[in-house]
Protein chains: 2
Amino acid sequence: MGASKLDIYTDQIIEIAAFAKVFAHPARVAILQYISKQENCICNDIVDEIGLAQATISQHLKVINEAGLLKGNFEGKSVCYCLNTIRFKEFQDAFNSYFNTTQTNCCSI
Amino acid sequence: MGASKLDIYTDQIIEIAAFAKVFAHPARVAILQYISKQENCICNDIVDEIGLAQATISQHLKVINEAGLLKGNFEGKSVCYCLNTIRFKEFQDAFNSYFNTTQTNCCSI
DNA sequence: TCGTAATATTGCAATATTACGATATGAAAT
DNA sequence: ATTTCATATCGTAATATTGCAATATTACGA
């Protein structure tokens, strides 16, 4: 096979995995970090910064956008991609919620 | 292609991506959650709980273990896998550190 | 020692991801 | 209107991941 069996997991677990997937590639981690630092973030800047082809960056941006992590002006020549900080905080909260409820020790070795 | 270009990223970014990859599959998220709840966690219990084949679970456990997230008794018939809470906390701290330094807003749309 | 129970490894098929060149699109400038 | 610039999409090749059956390993008990 190769496809994930999604029907056997709870919604919370699927959400965490989906969130983690966004960060599971260094290009996307780097892109998010870069976007948060810039006043005006257009794709070509990111291309120069990260060192991947424009098509590849655009593809990663799509993944980030589909996760709801972008906002801004998507039209015209001077696109301004920005981090959706509210959504970003949702990610952080979901991770922390998962981490904080998954720390019980089961044995003392 | 298909392989990641790792040489163009900082160590922090590669670490975050590697950490996220562990959680990027619902089976591993579920396994970690399950392990943390049990007194004695042996693989067969997990197989029954998660609903994947024993070989598949074992494979996911290997990924989790290679990330340093397991500890316990790995020998004999009655293995006891436990969550390495110290390492787990390292993951949480790395994520939070990344999240907290990546929240600056770049435009006000 | 032999069998058994529990877990790991191997090999393979199906699918997903990553990367990039080529091309399309869309808005602004000329 | 045409060109230009910035970004998106398409097509495709390379690689990675997921899942499982079959088999190997390993420790314990009879």
> Which word best sums up how the rings of A:F88 and B:Y98 line up, parallel for under 30°, tilted for 30 to 60°, or perpendicular for over 60°?
Replying inline: tilted

> Does the base of C:dA8 carry an N or O that pairs as donor and acceptor with the side chain of B:Q59 under 3.5 Å?
Replying inline: no

> Would you say the base of D:dA6 and the side-chain of A:Q54 have a donor-acceptor pair closer than 3.5 Å?
Replying inline: no

Nearest-Å distance for atom pair [atom1]/[atom2], residues [X] and [N]:
X	N	atom1	atom2	answer
A:E66	D:dT9	CD	C1'	13 Å
B:D45	C:dA5	CG	C1'	13 Å
A:K62	C:dA19	NZ	P	16 Å
A:L61	D:dT9	CG	P	11 Å
A:I35	D:dT7	CD1	P	11 Å
A:I57	D:dA8	CD1	P	11 Å
A:I50	C:dC20	CD1	C1'	16 Å

> Within a reach of under 6.0 Å around CG of B:D48, are more than 12 heavy atoms found that belong to other residues, nucleotides or ligands?
Replying inline: yes

Within the structure, does a side-chain N or O atom of [X] lie under 4.0 Å from either OP1 or OP2 of [N]?
X	N	result
A:Y81	D:dA6	no
B:H60	D:dG19	yes
B:S58	C:dA8	yes
B:H25	C:dA16	no
B:T56	D:dT18	no

> Which atom names give the shortest non-hydrogen contact between B:A67 and B:V22, and what distance separates them?
Replying inline: CB-CG2, 3.6 Å

>> Would the distance check show the side chain of B:T56 and the main-chain N or O of B:L52 forming a donor-acceptor pair, the cut-off being under 3.5 Å?
In response: no

> Checking all strands, does B:A53 fall into the base, sugar-phosphate, or nothing category for heavy-atom contacts under 4.0 angstrom?
Replying inline: sugar-phosphate

> Under a 3.5 Å cutoff on both atom distances, Watson-Crick or G-U, what's the dot-bracket for DNA chain D ([ ] crossing, | other strand)?
Replying inline: ||||||||||||||||||||||||||||||

>> Quick check for you: among C:dA19, D:dA21, D:dG19, whose closest atom lies nearest to any side-chain atom of A:L52?
In response: C:dA19

> Between C:dT9, D:dT17, D:dT9, which nucleotide has the shortest distance from any of its atoms to the side chain of B:K21?
Replying inline: D:dT17

> How far apart are the C-alpha atoms of B:F23 and A:F23, what are their side-chain angles, what is the distance that settles it, and do they pass the ring-ring contact (aromatic ring centres under 6.0 Å, His included) test?
Replying inline: CA-CA 10 Å; B:F23 297 99; A:F23 297 99; over 10 Å; no

> Who pairs with A:E66 by salt bridge (Lys or Arg N to Asp or Glu O under 4.0 Å), at least two apart in sequence or on another chain?
Replying inline: none

> Stepwise, does the side-chain contact (heavy atoms from CB on, under 4.5 Å) test hold for B:T85 with B:K89?
Replying inline: CA-CA 6 Å; B:T85 49; B:K89 187 117 194 18; over 6 Å; no

